Enquirer: 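Sharing a structure, written as structure tokens. Questions coming.
These figures come from a predicted structure and were not determined experimentally. Residues take their numbers from the sequence shown, with the count starting at 1.
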Amino acid sequence: MTTSKAAGAPGAPAPPRSRRSVTGTRKAVAALFLLPALVLLGALVVYPIGYSVVRSFYDQSGDGFAGIDNYKALFTDDGIRTALKNNVIWVVFAPTVATALGLIFAVLTERVRWGTAFKLVVFMPMAISMLAAGIIFRLVYDQDPDKGVANAVWVGVHDTFAEASAFPKAHPGRKSPLEADGGGFITKEPVRTGVPVSLPLVGVAPDQMPGDAGKAVKARPEQGAVTGTAWQDFTRGKGVGTLGVPDPTELGYAGMKIEAVKDGKVVASTKAADDGTFTLPATADGAQLRLPAANFKEAYNGLDWLGPSLVTPAIIGSYIWMWAGFAMVLIAAGLAGVPRELLEAARVDGATEWQVFRRVTVPLLAPVLAVVTVTLMINVLKVFDLVFIIAPGSSQDDANVLALELYRKGFSEDQPGIASAIAVFLLLLVIPVMWFNVRRLRREVRR
């Protein structure tokens, strides 16, 4: 009579293994739960990628095989080449500046009590959609200083060092003693001491007159001096006032600069009072009075932020405003994990704060900085919303990027083959950057 070997005894057959996953769940059950996600992944990611690759080899109609003609257009079409050049500018500057600002903010706010509040304010733009941010910065970059914040600040700084003219459109009226002179005006005849001079001008709207302008007054004659009045010789209402004579309702050109010129040289100069009157010394006798061009130059109106030359840097600035907070938060998290004893040891050894930052903090944060920079690089390769919203139609070609050109080719110009080629090209650009990021993250996990 034979007896079976006990389970677990030497030589006994091993019990059959159950097909379970590492979590203890049967693999069939795990696959069943993953199936909806895999279906969505295939429908929303894999299929569009595959279709775009196939469509990029066909012509505009989709019926004829075009070979690599669509890919040749990527390097021969002027619009696509401009977009490619701008994408290079975006990839080089936007992630670098955003990461650098995030690093500075994270380090500087580490030791201050209000650092958390500051970080909250810097991070808040991340809560705004790209569309809303584009609308905001379209207003910020408005050419009119009364509307655009950027030009309001720029004009304010400019006018602090270079005073703007209050009379940009002033010019002589009828029967005026003045004639044009290189952007300014000069009297036709020499002036004499003791004989008041009238310098009537027109062309300045009443609401544009200087705030300190007073009622115009006819100058009194003075012995040994040249006197006169520069004023706005215009009164509302037909038949009111006398042409060439200051009237009570007319305003003086307060601050108007007047020069006495003899033989091409300035022998005396002065500025008109609030009522437009002025006085020149006896050296002005026999000279011609000149109103220099500086009195009439157009007011400085700021920079054309959304013009062809500045539109791309301006849009990059709006992107940095949004994403510097993202970089700051990630870098601050990495900074919190930096061993404090290393920083203190460097300070004890006599290192300055700059040396500690450059030789200790930055090297220790290098992995975090690399991840942030690469993540932003992937993001800027796909930038579309900001460029589409901020750049006006007149300069959109100059601000063009690949994602925007893809949209324009696919929808505005009805060239789906070239649009698909741009999409595939963008995918090829993103894959190496993503691979680098994933590889670095895995390396950090192993540590």
Side-chain angles (χ1 to χ4, degrees), residues 37-95 98 129-131 133-134 311-312 315-316 318-319 322-323 326 371 373-391 393 395-439:
L38 294 175
V39 171
L40 288 176
L41 184 67
L44 300 179
V45 178
V46 178
Y47 173 74
I49 291 175
Y51 181 81
S52 297
V53 172
V54 173
R55 187 66 181 82
S56 66
F57 291 102
Y58 283 83
D59 59 13
Q60 183 175 0
S61 64
D63 298 327
F65 185 74
I68 61 172
D69 289 347
N70 292 328
Y71 289 94
K72 288 181 180 178
L74 299 182
F75 304 98
T76 56
D77 185 275
D78 290 338
I80 299 177
R81 286 195 297 181
T82 300
L84 184 58
K85 180 193 71 175
N86 287 336
N87 263 104
V88 172
I89 296 173
W90 271 88
V91 169
V92 171
F93 290 101
S129 69
M130 286 280 198
L131 176 64
V311 63
T312 295
I315 300 174
I316 290 176
S318 66
Y319 176 88
M322 289 192 67
W323 287 87
F326 167 81
V371 170
T373 304
V374 171
T375 302
L376 293 179
M377 287 174 64
I378 297 173
N379 189 268
V380 299
L381 282 171
K382 304 178 295 180
V383 68
F384 165 80
D385 317 58
L386 289 177
V387 181
F388 184 72
I389 298 298
I390 296 177
S395 59
Q396 198 169 84
D397 288 341
D398 301 282
N400 201 8
V401 290
L402 287 174
L404 177 59
E405 185 64 14
L406 186 156
Y407 169 83
R408 294 169 70 174
K409 292 293 184 187
F411 296 95
S412 300
E413 302 178 20
D414 191 25
Q415 298 187 44
I418 296 179
S420 299
I422 296 174
V424 174
F425 183 64
L426 270 175
L427 178 64
L428 295 177
L429 291 178
V430 170
I431 285 176
V433 184
M434 291 181 62
W435 175 80
F436 175 83
N437 215 14
V438 171
R439 184 180 177 186

Enquirer: Please determine whether side chain to side chain contact (heavy atoms under 4.5 Å, CB included) holds for the pair D414 and Q60, giving the CA-CA distance in whole Å, both sets of side-chain angles, and the decisive distance to 0.1 Å.
Expert: CA-CA 7 Å; D414 191 25; Q60 183 175 0; 3.7 Å; yes

Enquirer: Which pair of non-hydrogen atoms, one from S420 and one from S52, has the smallest distance, and what is that distance?
Expert: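 Closest heavy-atom pair between S420 and S52: CB-O, 3.4 Å.
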
Enquirer: Could you check if a side-chain atom of L402 sits within less than 4.5 angstrom of a side-chain atom of L381, using non-hydrogen atoms only?
Expert: no

Enquirer: How long is the straight-line distance from CE of M130 back to CD1 of I390, given to the nearest 0.5 Å?
Expert: 9.5 Å

Enquirer: Is a side-chain N or O of D59 found less than 3.5 angstrom from the main chain of G64, in a donor-acceptor match?
Expert: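 Yes; judged by distance alone, with no hydrogens or angles, the pair exists.
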
Enquirer: Does I422 reach the side chain of I80, with side-chain heavy atoms less than 4.5 Å apart?
Expert: yes

Enquirer: Using the ring of each side chain (for Trp, its six-membered ring), is F57 parallel, tilted or perpendicular to F65, with breaks at 30° and 60°?
Expert: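 Parallel, since the angle between the ring planes stays under 30°.
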
Enquirer: Shortest non-hydrogen contact from M322 to A133?
Expert: SD-CB, 3.4 Å

Enquirer: To the nearest 0.5 Å, what is the distance between CZ (R81) and CG (D78)?
Expert: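 R81 atom CZ to D78 atom CG measures 5.0 Å (nearest 0.5 Å).
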
Enquirer: Please identify which of these residues, V424, V54, L44, L427, meets the side-chain contact (heavy atoms from CB on, under 4.5 Å) condition with I49.
Expert: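 The single option meeting the side-chain contact (heavy atoms from CB on, under 4.5 Å) with I49 is L427.
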
Enquirer: Would you say Y58 has more than 12 foreign heavy atoms packed within less than 6.0 Å of its OH?
Expert: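 Count not over threshold, so no.
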
Enquirer: Is any side-chain heavy atom of T375 closer than 4.5 Å to one of F326?
Expert: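 Heavy-atom side-chain distance check passes, below 4.5 Å.
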
Enquirer: Quick one: side-chain contact (heavy atoms from CB on, under 4.5 Å) partners of K72, sequence neighbours excluded?
Expert: I68, D69

Enquirer: Looking at every non-hydrogen atom in both residues, tell me the closest pair between S56 and A421 and how far apart they are.
Expert: CB-N, 3.6 Å

Enquirer: Tell me every residue that passes ring pair (Phe, Tyr, Trp, His ring centres under 6.0 Å) with F436, counting only those two or more places apart in sequence or in another chain.
Expert: none

Enquirer: Against I315, only a single residue in V401, I389, L386 fulfils side-chain contact (heavy atoms from CB on, under 4.5 Å); can you say which?
Expert: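 Single side-chain contact (heavy atoms from CB on, under 4.5 Å) partner of I315 among V401, I389, L386: L386.
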
Enquirer: Does the side chain to side chain contact (heavy atoms under 4.5 Å, CB included) test come out yes or no for F93 and T312, once each step is laid out?
Expert: CA-CA 11 Å; F93 290 101; T312 295; over 6 Å; no

Enquirer: In sequence, state the C-alpha distance, the side-chain angles, and the governing distance for L84 and F425, and then conclude on side chain to side chain contact (heavy atoms under 4.5 Å, CB included).
Expert: CA-CA 11 Å; L84 184 58; F425 183 64; 3.8 Å; yes

Enquirer: Minimum heavy-atom separation for S61 to R55, with atom names?
Expert: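 Looks like C-NH2, 3.9 Å.
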
Enquirer: Rounded to the nearest 0.5 Å, how far does NZ of K382 lie from CH2 of W90?
Expert: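 Reported to 0.5 Å precision, the distance equals 13.5 Å.
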
Enquirer: I need the minimum non-hydrogen distance between P48 and G42, along with the two atoms involved.
Expert: CD-O, 4.1 Å

Enquirer: Given side chains that start at C-beta, do those of V387 and Y407 come closer than 4.5 Å, heavy atoms only?
Expert: no

Enquirer: How long is the straight-line distance from CH2 of W323 back to CG of N379, given to the nearest 0.5 Å?
Expert: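 Spacing of CG (N379) from CH2 (W323) equals 4.0 Å.
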
Enquirer: If you apply the rule side chain to side chain contact (heavy atoms under 4.5 Å, CB included), what do you find for D77 with E405, and how did you get there?
Expert: CA-CA 11 Å; D77 185 275; E405 185 64 14; 4.2 Å; yes

Enquirer: What distance do I378 atom CD1 and I431 atom CD1 have between them, rounded to the nearest 0.5 Å?
Expert: 11.0 Å

Enquirer: Show the nearest heavy-atom pair for residues N86 and A399, with the distance to one decimal.
Expert: ND2-C, 3.5 Å

Enquirer: Would you say the side chain of F384 lies within less than 4.5 Å of the side chain of L406, judging by non-hydrogen atoms?
Expert: no

Enquirer: Side chains of E413 and I418, heavy atoms from C-beta outward: is any pair under 4.5 Å?
Expert: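 SC-SC contact between E413 and I418 ruled out.
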
